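Down below is the structure, laid out as structure tokens.
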Amino acid sequence: MLDINQLRNDLDAVVARLAARGFAFDAANFTTLEAERKTLQTATQDLQAKRNSVSKQIGMAKSKGEDVAPILAEVENLKGELAANESALSAVQNKLDDLLLGVPNLPHDSVPAGNDEKDNVEVRRWGTPRTFDFTAKDHVDIGTPLGLDFETGAKLSGARFTLLRGHIARLHRALAQFMLDVQTNEHGYSETYTPYIVNPEVLFGTGQLPKFADDMFRVERGGEDGHTQYLISTSEISLTNTVRDSILKAEELPIKLTAHSPCFRSEAGSYGRDVRGMIRQHQFDKVEMVQIANPEKSYAALEEMVGHAEAILQKLELPYRVVSLCTGDMGFSAAKTYDLEVWLPAQNTYREISSCSNCEAFQARRMQTRFKNEAGKNELVHTLNGSGLAVGRTLVAVLENYQNADGSVIVPAALRPYMGGLEKLV
RNA sequence: GGAGAGGUGGCAGAGUGGUCGAAUGUACCUGACUCGAAAUCAGGCGAUAGGGCAACUUAUCCGAGGGUUCGAAUCCCUCCCUCUCCGCCA
């Protein structure tokens, strides 16, 4: 959520920055609602003050044993008038809230301008894509004989669900363990295990609700109705919301959390895309990094976090590039985002495998997460999140980059300790 | 699933219809005493929003949401959560 004071004081600039990310903000509607809100709020508060003072008078009169009937008569109309004002005010407040909750974050000044992924800017590359002396297969063709089982996944749960068997299943587990070990042992994140089912207000906090309900899986508890909860689409949601509704001490920052969790995404609206293989799944695992940061240090933290994600790819010796997303391609809550794209030889291209964002105070404002700054004032924290990394896509990258002509796959050296020393999948 | 007890400020904990955003203790901050510290004493110390250049001021908030009332932390309803005992269970 944006700072409403920024909208009040600097509306034109905010509208322009939102336009840069392709969002048309209804400034006229906002201005009208704000004017209504101001009038109604002042009037309502005046009436409330009057009611309070009269009620006090009644209390005092009664305690002295005086007759209160005259005072009661005086405020006969007050109640109805107040109720009307209060409900009008809350209606306007709700409209304003609805408006604001649907507005994406403002892009940081350093974010390249652009409309879509074609305008993203490559920041750097690491590693050299391997040259094959045979035709490289994609992960479906390599993986199926080794234990990637799309048919059974589909039989159990439908399209975009995959079953893993044997060494492939173990490789998947090894990747998650390896990533978690690197992030905790080398980068200072606290290992966290979180609920996968969360309450709706948690999703408001990180920005998935109210706008992106269609991307989520909903669950109902057996034997109960009316209490819809949601499967997390990333553990960013549960990790970031651990600090909702709290005032932190400055010295607690930064809080660095990591978790390995499944992620559930309905992928509504992506029907034609990436239907083959396990690039785009309804369920995939991810090791997530989250930082709760002092605003002054959040951009340094973002660069650092990108490095934490890169470290995984470097240790796995997978070529990748770092891309700065343009204004038009960033997610709803992000002020700035770097994507890591790993080399996939079969597609002859780089594909997203991590996304690291600084959300500044956007989520903190929704979650009411503050800290006591040096001046002793409560100030909103900045929140950052990044994948370190998406496990399923990393599995794809390993299979494709480490394949041999005979259909076997070399186990990257960094993963062998997690595979009981196994060097090759056959 | 059954029975019971609770949810109040950072923490502990009083308050059961009126001047209560809320006693008291503790933590924390400031000052005094001290070479310094501890102890002691004095003062301060919640959040959010509105109005005002500001000093300041108004409103709202006692798990959440409704209701009764001139007036609700306090009474009523619904829900959520925590604890104890029993049952069940990985």
Side-chain angles (χ1 to χ4, degrees), chain A residues 1-9 30-31 33-101 193 195-205 209 219-230 238 241-253 255 361 363-381:
Chain A
M1 196 152 63
L2 299 182
D3 180 2
I4 192 159
N5 282 312
Q6 198 178 0
L7 283 160
R8 286 174 186 147
N9 301 330
F30 173 76
T31 309
L33 287 172
E34 250 301 282
E36 278 180 47
R37 186 229 97 222
K38 197 163 173 174
T39 312
L40 282 167
Q41 183 164 354
T42 316
T44 304
Q45 289 190 0
D46 284 349
L47 288 168
Q48 285 171 329
K50 194 171 174 192
R51 177 205 60 198
N52 290 347
S53 77
V54 170
S55 293
K56 265 185 194 177
Q57 281 177 43
I58 293 172
M60 284 191 284
K62 273 198 167 177
S63 70
K64 290 183 208 154
E66 293 168 7
D67 180 17
V68 294
I71 319 180
L72 283 174
E74 197 185 312
V75 292
E76 223 178 63
N77 299 324
L78 192 64
K79 205 180 174 185
E81 198 183 344
L82 181 56
N85 267 276
E86 280 175 339
S87 69
L89 177 61
S90 84
V92 171
Q93 292 277 28
N94 286 340
K95 279 189 202 168
L96 267 173
D97 288 346
D98 288 348
L99 182 68
L100 287 177
L101 282 170
Y193 171 83
Y196 303 149
I197 296 176
V198 294
N199 293 327
E201 59 269 24
V202 165
L203 296 175
F204 275 91
L209 288 183
V219 292
E220 302 280 346
R221 213 177 293 193
E224 284 182 35
D225 337 292
H227 288 283
T228 302
Q229 294 182 304
Y230 294 83
S238 36
N241 275 282
T242 55
V243 294
R244 66 179 294 111
D245 292 320
S246 53
I247 301 175
L248 305 164
K249 295 188 179 111
E251 57 269 26
E252 289 179 78
L253 303 178
I255 296 171
Q363 295 178 325
R365 191 171 291 111
R366 290 168 165 248
M367 298 190 301
Q368 280 304 299
T369 304
R370 294 142 294 167
F371 76 105
K372 283 252 186 267
N373 66 17
E374 271 185 37
K377 294 278 183 204
N378 294 332
E379 183 180 344
L380 294 166
V381 298

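All of these numbers come straight from a predicted model, not from anything done at the bench. Each chain gets a letter, A, B and so on, in the order its sequence line appears, and its residues count up from 1. We use all heavy atoms of the structure for the numbers below, so side chains are in, but hydrogens, waters and symmetry mates are not.
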Presence of A:Lys372 side-chain N/O under 4.0 Å of B:A47 phosphate oxygens OP1/OP2: yes
Residue-phosphate contact under 4.0 Å: A:Arg51 side-chain N/O, B:A59 OP1/OP2: no
Pairwise P distance, B:C62 and B:U19 [rounded to whole Å]: 15 Å
Under 4.0 angstrom between A:Asn52 side-chain N/O and B:G71 OP1 or OP2: no
Atom C1', compared across B:C28 and B:C45: separation rounded to whole Å: 8 Å
Per A:Arg8 side chain, nearest of listed nucleotides B:G18, B:U48, B:A49: B:A49
Any A:Lys38 side-chain N or O less than 4.0 Å from OP1/OP2 of B:G50: no
Out of B:U48, B:U19, B:G18, whichever nucleotide has its closest atom nearest the side chain of A:Ser55: B:G18
Side chain of A:Lys62 (C-beta onward), nearest among B:U69, B:A47, B:G18: B:G18
RNA chain B stem ranges, 3 or more consecutive Watson-Crick or G-U pairs under 3.5 angstrom: B:1-7 with B:80-86, B:10-12 with B:24-26, B:28-32 with B:40-44, B:46-51 with B:56-61, B:63-67 with B:75-79
Inter-nucleotide P distance (B:A38, B:A27), Å rounded: 12 Å
Nucleotide B:C29, atom P - distance to NZ of A:Lys249 in whole Å: 11 Å
Presence of A:Lys79 side-chain N/O under 4.0 Å of B:U69 phosphate oxygens OP1/OP2: yes
Listed nucleotide nearest any side-chain atom of A:Arg37, set B:G51, B:A47, B:A49: B:G51
Rounded interatomic separation in angstrom, taking CG from A:Leu7 and P from B:A49: 14 Å
Selection from B:C70, B:U19, B:A47 that lies nearest to any side-chain heavy atom of A:Met60: B:U19
Extract all donor-acceptor atom pairs below 3.5 Å that involve side chains of residues 81-96 of chain A and protein atoms in other chains or at least two apart in sequence.
| from | atom 1 | to | atom 2 | distance (Å) |
| --- | --- | --- | --- | --- |
| A:Asn85 | ND2 | A:Glu81 | O | 3.1 |
| A:Glu86 | OE2 | A:Gln48 | NE2 | 2.9 |
| A:Ser87 | OG | A:Ala83 | O | 3.4 |
| A:Ser87 | OG | A:Ala84 | O | 3.2 |
| A:Ser90 | OG | A:Ser87 | O | 3.4 |
| A:Asn94 | ND2 | A:Ser90 | O | 3.2 |

Between B:C75 and B:G15 - P atom distance, rounded Å: 12 Å
Rounded distance [0.5 Å steps], CD1 in A:Ile247 versus CZ in A:Arg370: 4.0 Å
P atoms of B:A12 and B:A90, separation to the nearest Å: 35 Å
